[in-house]
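A quick write-up on the structure given underneath.
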Amino acid sequence: MAKNILISRSLPDEALALVPRDCRVDIHDGPDALSKSDLIARLRDRQGLVCQITDTIDDEVLRAAPGLEVVANVAVGYNNIDVAAARRRGVVVTNTPDVLTETTADFAWALLMAAARRVVEGDRYARSGQWTRWQWNLLWGLDIHGKTLGVLGFGRIGRAVARRASGFRMRVLYHDAVHADQAVERALGATFTDRETLLRESDFVTIHTPLLPETRHLIDEAALRAMKRSAILVNAARGPIVDEAALARALGEGWIAGAGLDVFEEEPKIHPGLIPLQNVVLAPHIASASFDTRLAMATLAVRNCVAVLEGKPPITPVP
Ligand SMILES: NC(=O)c1ccc[n+]([C@@H]2O[C@H](COP(=O)([O-])OP(=O)(O)OC[C@H]3O[C@@H](n4cnc5c(N)ncnc54)[C@H](O)[C@@H]3O)[C@@H](O)[C@H]2O)c1
């Protein structure tokens, strides 16, 4: 029987070409995410959904699509999907792990380095016309090499970020809900610590946990006050892991030195307290946005969707 698939955002042609010819595909290609009511209306009578993190797939949406067999998220994080509700309804949920690990780790480092060495401030200054002579005391920043990197969430991306630290001869601390194997710790030169020690001793704290009830505001006022005044916080995981109002105060009042943020609590809104600050680098949720990786994510999501619709096991089901 021919299957119906909803694709909630336009995807590259190479990914769409993987949909079998006998499937009927409905693609939403507007610039904004589908509203909940449109999503519900267009999902009716569909067996497959390929969706993005901007689509909230909750029990109400799932209830409205009784024939749905698979929700294929084009992301590794799946906090936009009620996975328990999907399981209850027999709907398979898949994500796109691994294919974005290195690209996201690259970008966490880009934020770290940009914040430490004031790259964005330098760019603004160089363009502004104010640069009229070489200045000895212009835009001093923080060294990265030889410092301590603290990785919160030592999974695929956290480890890829840690691996890059060896080139900077850094000490690497990590904290995770799970202790890594000794062989992994040895290979990455990383030492497990409790969260408090990591916050207290790290010059750079980079967040790579999923967004879960227990990681919401993992970095709150107390955590920010526990960090070094010279420390930099990087968040390329999910916005609500950091209390953004507390971070704006921390940066404005000098509890920490700087931050690099790819994600925000209420995207695309950014806390107004962050906007005027020079010591924070802001990016519009683009950590996985390289040509190769976005194509790999789209391709994997479509392959997951098609596999389930063909009665095969999904390639990367969420755990
Ligand atoms: N900004 C972006 O564009 C972007 C891109 C990719 C991934 N992400 C985010 O990065 C997250 C991590 O991706 P990944 O592939 O490394 O996932 P992963 O599952 O491999 O790693 C997550 C790690 O966090 C740990 N963890 C879970 N709860 C914890 C807690 N309470 N305290 C400490 N550690 C905890 C897990 O044990 C695991 O080791 C994703 O969930 C996603 O939200 C963001």
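Positions are given from 1 along the sequence. Just follow the structure's listing: the first ligand is 1, and inside any ligand the first atom is 1. These numbers come from the heavy atoms of this one structure, side chains and all, not from hydrogens, waters or symmetry mates.
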Is a side-chain donor or acceptor of D181 paired with a backbone partner of V184 at a separation under 3.5 angstrom?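 No; judged by distance alone, with no hydrogens or angles, the pair does not exist.
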Is a side-chain donor or acceptor of R164 paired with a backbone partner of A160 at a separation under 3.5 angstrom?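 Yes; at least one donor-acceptor contact below 3.5 Å.
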Students should find this: residues with any non-hydrogen atom under 4.0 Å from ligand 1. What is the answer?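 Ligand 1 pocket, heavy atoms under 4.0 Å: V76, G77, L100, T104, G153, F154, G155, R156, I157, D176, A177, V178, H208, T209, P210, L212, E214, T215, A236, A237, R238, D262, V263, H285, A287, S288.
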Side chain to side chain contact (heavy atoms under 4.5 Å, CB included), paired with L111, selected from T206, I232, N235, V281: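 Running side chain to side chain contact (heavy atoms under 4.5 Å, CB included) over T206, I232, N235, V281 with L111 returns exactly one hit, V281.
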Qualifying salt bridge (Lys or Arg N to Asp or Glu O under 4.0 Å) pairs with a residue from residues 279-303, counting only residues at least two apart or across chains: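 Those involving residues 279-303 do not exist here.
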Quick one, F168 with W109, criterion ring-ring contact (aromatic ring centres under 6.0 Å, His included). Give me CA distance, side-chain angles, the key distance, then yes/no. CA-CA 11 Å; F168 291 83; W109 268 94; 4.8 Å; yes
Taking side-chain hydrogen bond (donor to acceptor under 3.5 Å, both in side chains) as the criterion, tell me which of R216, H271, H217 meets it with E265.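 That would be H217; it is the only one of R216, H271, H217 passing the side-chain hydrogen bond (donor to acceptor under 3.5 Å, both in side chains) with E265.
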